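Heads up, the thing below is written out as structure tokens.
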Amino acid sequence: MFNPVRSNVRFPELEEQVLKFWDSREIYEKSLQARANAEKFVFYEGPPTANGLPHPGHCLTRAMKDLFPRYKTMRGFRCERKGGWDTHGLPVEVEVCKELGIHSKEEIEDFGVEPFIHRCMESVFRYTREWENLTKRLGFWIHLEDAYVTYHQSYVESVWWSLKTLFDRGLLFQGHKIVWWWAQGGTALSSGEVGQGYRTVDDPSVYVRFPLLDDAGEESDTDLLVWTTTPWTLPSNQFAAVHSDLDYAVVRDEELGRKLIVATALVEQIAGKAKRELTVESTLKGSELVGRRYRPPFDYYYKDQGQTQGELIAGGKQHVAWRVLAADFVTIDSGTGLVHEAPAFGEVDHDLLMSEQTRFQAGEGPHLICAVGPDGKFTQQASDFADRWVKEADKDICRNLRERGLLFLQEQYRHEYPFCWRADQDPLIQYPRKSWFIRTTAFKDSMLANNAKINWLPEHIREGRFGNFLEANVDWALSRERYWGTPLPIWRCQETGKMEAIGSYEELLAKPGVSGLEAWEQSKERHPNISEHLKVHKPYVDEITYDSPYAPGAHMRRVPDVIDCWYDSGAMPFAQWGYPHTGKEQFADQFPADFISEALDQTRGWFYSQLAISTLLFGDQSQDDPQRGTLKTEYPHPYRTCIVLGLMNTEWYESPDGERYLTEDECRAKHADKYTKRVGKMSKQLRNYPEPNQIFDKYGADALRWFFFANQPPWTSIVYSERSIKEVIPEFMLRLWNVYNFFVEYARIDNFNPAEELGANEAELGSYQLDGNQLVCGATARNWEDRNELDRWIISELNRTAAGVVAKMDAYENFNAAALLKEFLDALSNWYVRRSRDRFWSNEESQEKCDAYWTLYECLLTTAKLIAPFTPFIAEELWQNLACAPFGQRTRESVHLCDYPTGNTSLVDNELSERMALVREIVSLGRAARMNASLKVRQPLSEIDVVLADRTHLDWLREQDGLIRQELNVKAIDYPRAADDYISYTVTPNFPRLGPRLGKQLPQVKKALADADPATLLKQLEAAGKFVLATDGGEVELNSEDVQVRLNAREGWAAAQGSGMVVVLNTELNPELIAEGHARDIIRAVQDHRKELKLEYTDRIHVGLVTDTEEIRDAVEQFRDYIMQETLALRIDFESIENTEPTTVKIAGSDVTISIQVAVEAG
RNA sequence: GGGCGCGUAGCUCAGUUGGUUAGAGCGCAUCCCUGAUAAGGAUGAGGUCCCAAGUUCGAAUCUUGGCGCGCCCA
């Protein structure tokens, strides 16, 4: 039997109980065990960082990550969910530095790398508890106990293996990376740090002549006029860049007696600035300049290398430097349209050098020129300025150029320039650092091919953001000159500089002459509780050296760098298993993922790192080598479907003085209407969003989940709004709860016990899933086709919904799936239950009543399963009471151990849906008409007329009179054919049908139809099924399908019109109807009073009525039986009942005093 | 500056392949129902579908350009 249901449910409390239930019964584990041998559905957890508190954005990702695995599990798949933690990287170091009150690498070194690393490791799991609580409270089922952790030894070794593989294949190499460099501090700054230090400054802006060389290598009479705001980079000049498509002018400068080349569009501007006359002699395209040689302003490098040529891959030779190159980044926004290129001091400039190098055979191309040392001072090579700080040398460089006549023009240039955020007098410079790269560019096409196979949601990510990013791929700058990260597993011979990669700790220890292990051993003695995992980290691993195979007596020592932590996370598909050192089987089983989901900011992060690593490691079949342990797979991209979540904003309310409130009510209470609603980024500082835990405590996890799943497609930018989350409760949760409550209430009264009716003998323990096919076996359950229209209709809707939800969910469209569920719940609550109440109320046992119970029971059980992946808590509550309470161990222990309903499409009746929609429209229009005529529903009316444009379903509708009459409280319904008195018609073309057939003739037909007399057309249609219309373009024959007939109510009637019908009320009242109206008023008043007195639904009563009005007494006499039946009254007397609390109501304008006494059951 | 996305009711958002009366929820107004009851429901007001041009018999939908916003990159 069912347990009583609280009507004033508190969802958060309920959820806590459900959590305890899941825990104690190990439901999650059981859901996995049940699918142990099933087909797999692979999910990857993109590892979050646990050194910060989880925020609402994480709730969204975690909710999405829970929805589909739960769904797939119920659909019969085995979906393992291994947790993971991202533990390395700069953010951790920054956090620790904050605690220690230090900034620079120097200070870290002073503090000591070893204690620093220990601190980092401790910091990593600072908020683990919060993360675990949130994960659990949200109902996210995932194994956090055996989560992969990126700093663990097995994980690090797996990463090492992959890097060794890349190194051995020549894909991991050293090069230069241009970084923002703090020369005084000797360190690079992250982009975040750089962003903090921008200031407006004036820098010199110089226009310099680069004399062009003729074919013989001699100076010509023409100069490139080149612009730069960093004169100090001129000694390191390597190229000049133009844009191929731009127009350039050769201008004569009489004063100089030479010709200059500048962008045509800028001639006037430059002439104006220089106050000189520049006469255009000819013009040419940028592309015509490409390849021309020039003499650079300083000859520190030119004097040795000016004539050097290199072998081109395409054949032939070319000078390696001081040529004009084409570059897309050249613009005419400022300067001259010609750009000085010093690849050492700019990222795009360096990229240009790199692409230039690829044109030459290995080693033959240009090398990076850099006349500046890491201390920011010129090297000896730039002899005139050696040992000078570059920024201070700007002036002297300009003077030098002016003296040599190369400086055409100099001015001041005001712009934003970054300074060091911890030494704000120190300007940063862009500077090349030796860095390790992965040659991803060589795999661009493979990555694009793999990308094409990914099912991106939303789709535009593939060609758009992600595709474009791949198209613009540059080699992955892997190394970081930091401390807390996976150490780069490369050891270098101190003698020869030759290097080799190491694939595991064991491999390292097996090297000849290994030493330096004592650093770790000693540390362990000092810190007995230290994690074993740390031994593969800095500083311990740095101490390990071994004999060089390249030079006798020399040692191999590790390069000091650690790697980009994005590589860690991208290696997760194999590293989570420790592959290939361990976990080969798991990896083979769990690769690639069927489904991943993270927010948009991961496009360049985890989405890319996974794809890149996977493509490089596993993509190239020719490189496949079982010895090395690579995996042969025909499907080398790491995830099949990826839902890219939108970024999350929040809303809050702000008073005029800038005070922030999270809810509107709160703000209005203090500031009346003087406040504004704000929508924007979530900010920890502003505290402009409610913490997830507050939401859980106030509304529950289901509400939050449903808000995420059902309010918008997940890839839109979501506004995290307490108001919207709150709205979920009445809209979805309570509506469902009320239906559930309604059912249980009456099932208990009527002793509806499905478990008794379904034979126990054939049931093995736990076998009942209570789907429709099982439920129709109930002793009093009839087959669906024998039940009434309403029952068949809701069963049809139920199965249609289930089939629809499955289709949407299989396509990963949770939003559309949720919309179907909402729609069904609306149909169930606002039509099925509403129209079936009589059957539940009736006292006698009847088959109709049993049908109602079985139908609603099936709907609720199936709904519980359908919503289980979305709102797992309320689904469980429903299941526990509706299934487990009566069936005990004969049914599934949890709704999450059930199979997902897929819908029995043979029970879907489209015609019935169409018909029921008609009924609902008639009712809706009837209500509208009543509203217009101010006739409340309690007042019965004698008749309504329903005029239909399409009478196809007329016979059926007549059979459903009861539904409509009851809902609209009318005595009769007529469906008049001719109703010209209160209806007019318009006939319009059926556009979708006629458009393709008539094309340009359509407007004429439309006009002809509008001009014709609709009544005549309709008569013709009725008689012949078609009519002929004369238009300017000839005659057109139209049949009833070609046109649409619309009905309009004429003025002066109590009527309402819909798209294909008009409902007209007969507003005439006779004394009998009025009396019945009074009777219903009285019933309502009695029921109201029952409620006030908190009577049980089943209590029988005595009613006392006191009134002066004859009319009301007559009405009571006339409808005495009706009133008694409706109110469960045994007697109605026209006198007050003693010892009761009477109530007085107005009926028909006069007072009626009602008293109620509970009747003692006779017998 | 480039790429991507988005502009639909007061708010938050839907809108299938172009089809002629553009929808939902909330809010607001009016009201109904009440044996689901500290619920439920109906009706209504509210829209130049950002602007402009084009394609088309027909455009919220397709194309182009502009304006505005967001994100990423520079």
Side-chain angles (χ1 to χ4, degrees), chain A residues 5 7-8 191 328-329 331 333 347-348 458 460-461 463-469 471-472 599-601 603-604 646-647 649 651 664 677 679-681 710-713 715-719 721 723-724 726-728 730-732 734-735 737-746 749 815-816 819 822-823 826 829-831 833-834 837-838 840-841 923-932 934-938 967 969 988-1006 1044 1046 1056-1059 1080 1083-1084 1086-1088 1090-1091 1095-1099 1126-1128:
Chain A
V5 174
S7 55
N8 58 340
S191 60
D328 288 338
F329 57 77
T331 68
D333 294 343
E347 210 171 329
V348 290
H460 60 75
I461 298 285
E463 296 298 322
R465 195 171 280 236
F466 198 67
N468 289 341
F469 175 62
E471 286 287 353
L600 186 65
D601 54 358
T603 11
R604 283 144 195 277
L647 296 169
N649 285 320
E651 68 174 25
E664 189 167 13
K677 183 181 155 187
V679 173
K681 279 188 194 174
N711 255 39
Q712 61 277 304
W715 44 82
T716 55
S717 62
I718 293 171
V719 181
S721 139
R723 190 174 45 86
S724 305
K726 188 180 173 181
E727 276 169 11
V728 164
E731 214 171 88
F732 182 73
L734 261 184
R735 188 175 283 182
W737 190 264
N738 282 331
V739 175
Y740 161 63
N741 181 23
F742 175 90
F743 171 82
V744 171
E745 191 83 57
Y746 288 98
I749 290 171
F815 174 68
N816 291 327
K822 273 198 238 182
E823 219 170 283
D826 178 70
S829 168
N830 291 334
W831 193 246
V833 169
R834 186 181 166 84
R837 281 186 291 199
D838 279 358
F840 292 99
W841 296 342
V923 167
S924 173
L925 292 172
R927 277 195 281 249
R930 267 183 173 275
M931 187 91 166
N932 292 336
S934 305
L935 287 165
K936 57 186 180 183
V937 178
R938 245 177 294 154
E967 187 68 25
N969 196 15
T988 55
N990 180 354
F991 287 100
R993 192 178 156 91
L994 290 181
R997 186 176 127 197
L998 298 177
K1000 294 193 186 202
Q1001 214 183 339
L1002 190 52
Q1004 292 169 25
V1005 171
K1006 183 181 175 185
Q1044 231 175 346
R1046 291 219 173 93
Q1057 70 186 54
S1059 51
R1080 290 194 55 156
I1083 292 169
R1084 147 104 216 265
V1086 171
Q1087 303 289 29
D1088 227 20
R1090 279 185 69 120
K1091 195 173 84 189
L1095 302 194
E1096 292 295 323
Y1097 292 156
T1098 48
D1099 283 341
E1126 289 295 310
T1127 59
L1128 297 187

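First the proteins, then the strands, lettered A, B, ... as listed; each starts at 1. Predicted, not measured: the structure shown is a model, and the values here were computed from it.
Nucleotide B:A42 forms a Watson-Crick or G-U wobble pair with B:U30, both donor-acceptor distances falling under 3.5 Å. Base pairing of B:G54: its partner is B:C62, meeting the Watson-Crick or G-U wobble criterion (both donor-acceptor distances under 3.5 Å). When both pairing distances are held under 3.5 Å, B:G35 makes no Watson-Crick or G-U pair with any nucleotide shown. With both pairing distances under 3.5 Å, B:G47 is matched to nothing as a Watson-Crick or G-U wobble pair. Base pairing of B:C4: its partner is B:G70, meeting the Watson-Crick or G-U wobble criterion (both donor-acceptor distances under 3.5 Å). For B:U17, there is no paired base (Watson-Crick or G-U wobble, both distances below 3.5 Å). Nucleotide B:G25 forms a Watson-Crick or G-U wobble pair with B:C11, both donor-acceptor distances falling under 3.5 Å.
Distance NZ (A:Lys726) to C1' (B:G25): 15 Å, rounded to an integer number of Å. Rounded to whole Å, atom P of B:G25 lies 11 Å from atom CD of A:Glu823. Taking atom CG of residue A:Asn649 and atom P of nucleotide B:C71, one finds them 8 Å apart after rounding to whole Å. Look at CG on A:Asn830: it is 13 Å from C1' on B:G25, rounded to the nearest Å.
The listed nucleotides are B:A42, B:U20, B:C57; the one nearest the side chain of A:Arg927 is B:A42. Listed nucleotides B:G19, B:A36, B:G35 differ in distance to A:Arg837; the shortest reach to its side chain belongs to B:A36. The listed nucleotides are B:C57, B:G19, B:A42; the one nearest the side chain of A:Lys1000 is B:C57. Considering only the side chain of A:Leu1128, B:G35 comes nearest among B:C72, B:C57, B:G35. When each of B:A36, B:A42, B:G19 is scored by its nearest atom to the side-chain atoms of A:Val739, the top-ranked nucleotide is B:A36. Of the candidate nucleotides B:A42, B:U43, B:G19, B:U43 has the atom lying nearest to any side-chain atom of A:Ala928. With B:C71, B:U20, B:A42 as the candidates, the nucleotide lying closest to the side chain of A:Lys1006 is B:U20.
In this model, the phosphate group of B:G41 is not approached by any side-chain N or O of A:Arg834 to a distance below 4.0 Å at OP1 or OP2. For A:Arg938, a side-chain nitrogen or oxygen approaches OP1 or OP2 of B:C33 to under 4.0 Å. For A:Arg1084 and B:G35, the shortest distance from a side-chain N or O to OP1 or OP2 is not below 4.0 Å. For A:Asn738 and B:G40, the shortest distance from a side-chain N or O to OP1 or OP2 is not below 4.0 Å. Not one side-chain nitrogen or oxygen of A:Ser829 sits closer than 4.0 Å to the OP1 or OP2 atom of B:A36.
A 4.5 Å side-chain heavy-atom check between A:Asn969 and A:Arg930 finds at least one atom pair inside the cut-off.
Side-chain rings of A:Phe743 and A:Phe840 stay apart, their centers remaining 6.0 Å or farther from each other.
Here A:Arg1080 lies in heavy-atom contact (under 4.0 Å) with sugar-phosphate atoms only. Across all strands shown, A:Leu734 has no heavy atoms under 4.0 Å from either base or sugar-phosphate atoms. Within the 4.0 angstrom heavy-atom criterion, base atoms lie near A:Val833. Residue contacts for A:Lys822: at a heavy-atom cut-off of 4.0 Å it reaches no nucleic acid atom on any strand shown. At the heavy-atom level, A:Thr603 lies nowhere under 4.0 Å from the strands shown.
Residues A:Thr1127 and A:Gln1087 approach most closely at CA-NE2, 4.0 Å, considering heavy atoms.
A:Lys726 NZ to A:Ser721 OG: the interatomic distance, rounded to the nearest 0.5 Å, is 10.5 Å. Atom CZ of A:Phe466 and atom CZ of A:Arg604 lie 10.0 Å apart (nearest 0.5 Å).
Comparing the same atom, P, in B:U16 and in B:G7 gives a spacing of 12 Å after rounding to whole Å.
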> Tell me, for nucleotides 3-15 of chain B in 5' to 3' order, what letter each nucleotide earns: B for a base near a protein heavy atom under 4.0 Å, S for only sugar-phosphate near one, - for neither?
Replying inline: BBS-----SSSS-
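In this model, a side-chain donor or acceptor of A:Gln1087 finds a partner on the base of B:G35 within 3.5 Å.
Ring geometry for A:Trp737 versus A:Tyr740: interplanar angle over 60°, hence perpendicular rather than tilted (30 to 60°).
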> Should A:Arg1080 and A:Glu1126 be marked as a salt bridge (Lys or Arg N to Asp or Glu O under 4.0 Å) after you check the CA-CA gap, both sets of side-chain angles, and the distance that decides it?
Replying inline: CA-CA 9 Å; A:Arg1080 290 194 55 156; A:Glu1126 289 295 310; over 6 Å; no
